[in-house]
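What follows is one structure encoded as structure tokens, with my remarks underneath.
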Amino acid sequence: MTEAASSLDTLIATVARLRAPGGCAWDADQSHESLVQYLVEESHELVEAIESGSRDDLLEELGDVLYQVLFHSDLAANTAGEDFDIQDVAAHMNAKMIGRHPHVFGDLKLDTAADVSAAWDGFKAEEKPERTSVLDGIPLGMPALALADKVLGRAEKIGLIEPDGGFPLAMDSEDELGPLLLAIVATARTKGLDAERALRTALRDLQGEIRGAEAAMTPNSERAADVDAFDAGIIALPRG
């Protein structure tokens with residue numbers, strides 16, 4: 001533990017030295033906004049290492065993502081109005097994880113992963129009472145496929161779609177799903193269609209249905225009786 005902590009402290013000091021007067025001019029010139037492209041790139045490289053890389057690849061890419069966190073933290077520590085550092089980030093995250101795990105750090109009893117998943121939304125709701133929609137907190141800048149998975153999951157949570165409702169496409173594994181997705185994109189490309197934009201458009205329609213269903217479910221809502229009318233019709237094969 002001591003050696004790992006010492007290595008982390010050394011890296012924190014390295015970041016600070018690079019950004020300090022007399023350090024690296026490029027590092028000193030960066031902002032949170034200018035670094036976004038590198039954070040996205042490094043995150044994708046980490047995913048690649050997890051999915052198909054070696055142990056050394058994983059070690060390197062985790063370090064690259066960690067460096068981004070340290071860089072942003074050093075920026076904040078030296079930016080008026082932000083005034084926090086990596087220790088504040090760690091303290092905030094530690095408090096957050098303890099608060100979201102009362103079954104570990106408190107008296108709540110949750111024995112299985114399924115029990116934890118079922119209670120998770122409640123933990124987050126207590127932490128962020130300002131959120132009024134299941135869609136709140138979803139970063140809309142996510143790639144369309146990842147965003148679709150998130151939004152569909154939220155639609156399931158409010159009963160707008162059934163998790164096991166079935167869909168008229170035969171697939172039982174990712175080995176079958178991958179070529180199917182690729183074929184859809186290939187077909188779109190030959191017809192001059194933008195698959196990413198098309199999926200985002202469909203997701204906006206689904207998010208509209210979700211918000212409409214939530215409004216109908218609101219206590220004393222005049223539309224409460226109409227909740228069954230929201231059947232997520234967007235989730236269907238196009239009609240010829």
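In terms of hydrophobic clustering, with Ile, Leu, Val, Met, Phe, Trp and Tyr side chains grouped at heavy-atom distances under 4.5 Å, I12 and V69 are assigned to a common cluster. There is no path of hydrophobic side-chain contacts, each under 4.5 Å, that joins L147 to L39. The hydrophobic cluster containing L108 also contains V116, counting ILVMFWY residues as joined when their side-chain heavy atoms lie under 4.5 angstrom apart, directly or transitively. A chain of hydrophobic side-chain contacts below 4.5 Å, direct or via other Ile, Leu, Val, Met, Phe, Trp or Tyr residues, connects L145 to L140.
Looking at heavy atoms from C-beta onward, L58 lies in side-chain contact with I50 at the 4.5 angstrom threshold. The shortest side-chain heavy-atom distance between L75 and L35 falls under the 4.5 Å cut-off. The side-chain heavy atoms of M97 and H101, taken from C-beta on, include a pair separated by under 4.5 Å. Looking at heavy atoms from C-beta onward, D85 lies out of side-chain contact with V89 at the 4.5 angstrom threshold. Side-chain contact between D64 and L46: absent, with no pair of heavy atoms (C-beta onward) separated by less than 4.5 Å. With contacts defined as side-chain heavy-atom distances shorter than 4.5 Å, the pair V185/L181 does not qualify. Contact of the F71 side chain with the D27 side chain is registered, since non-hydrogen atoms from C-beta on lie closer than 4.5 Å.
The two residues I210 and A155 have their closest heavy-atom pair at CD1-CB, 3.8 Å. Taking all atoms of both residues into account, the shortest heavy-atom contact from F105 to I98 is CD1-CA, 3.7 Å. Across A119 and L110, no two heavy atoms sit closer than the pair CB-CD1, 4.0 Å. In plain terms, the two heavy atoms of I86 and S73 that are nearest each other are CD1-OG, 3.5 Å. Scanning both residues, P179 and E174, for their nearest heavy atoms gives CD-O, 4.4 Å. For the pair R19 and Q30, the tightest heavy-atom approach, listed with the atom from each and the gap, is NH2-O, 4.4 Å.
Interatomic distance, E61 CD to Y67 OH, rounded to the nearest 0.5 Å: 15.0 Å. The CG atom of L160 sits 6.5 Å away from atom CG of L206, with the distance rounded to the nearest 0.5 Å. In this structure, CD in E42 is found 11.0 Å from CG in L62, a value given to the nearest 0.5 Å. Rounded to the nearest 0.5 angstrom, E41 CD and Q68 CD are separated by 9.0 Å. The structure places CG of L18 at 11.5 Å from CG of L70, a figure rounded to the nearest 0.5 Å.
R17 and T14 share no side-chain donor-acceptor pair at under 3.5 Å. Judged by distance alone, the side chains of S54 and D57 do bring a donor and an acceptor atom under 3.5 Å apart.
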**Prompt:** What do the steps show when you test T187 against L193 for side chain to side chain contact (heavy atoms under 4.5 Å, CB included), and what is the final call?
**Reply:** CA-CA 8 Å; T187 301; L193 303 176; over 6 Å; no
**Asked** Does the salt bridge (Lys or Arg N to Asp or Glu O under 4.0 Å) test come out yes or no for K109 and D111, once each step is laid out?
**Response** CA-CA 6 Å; K109 186 174 178 60; D111 294 324; 3.2 Å; yes
**Request:** Could you give me the CA-CA distance, side-chain angles and deciding distance for R200 and R197, then say whether side chain to side chain contact (heavy atoms under 4.5 Å, CB included) is met?
**Result:** CA-CA 5 Å; R200 286 192 175 278; R197 183 170 62 235; 5.6 Å; no
**Request:** List the steps and the verdict of side chain to side chain contact (heavy atoms under 4.5 Å, CB included) for L8 and L66.
**Result:** CA-CA 10 Å; L8 180 57; L66 173 62; 4.2 Å; yes
**Item:** Worked verdict on E60 versus E45 for side chain to side chain contact (heavy atoms under 4.5 Å, CB included)
**Value:** CA-CA 10 Å; E60 178 178 354; E45 289 181 2; over 6 Å; no
**Message:** side chain to side chain donor-acceptor pair (under 3.5 Å) for S6 and D9? Distances and angles first, verdict last.
**Reply:** CA-CA 5 Å; S6 175; D9 288 340; over 6 Å; no
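Of the possible polar contacts, none joining the D107 side chain to the H103 backbone as a donor-acceptor pair under 3.5 Å is found. Checking side-chain atoms of Q207 against main-chain N and O of L135 turns up no donor-acceptor pair under 3.5 Å. A donor-acceptor distance shorter than 3.5 angstrom exists from the side chain of S31 to the backbone of S34, with no hydrogens or angles considered.
Below 30°, between 30° and 60°, or above 60°: for W26 and Y38 the angle between ring planes is above 60°, a perpendicular geometry.
Within a 6.0 Å sphere centred on NE2 of H92, heavy atoms belonging to other residues, nucleotides or ligands number 12 at most.
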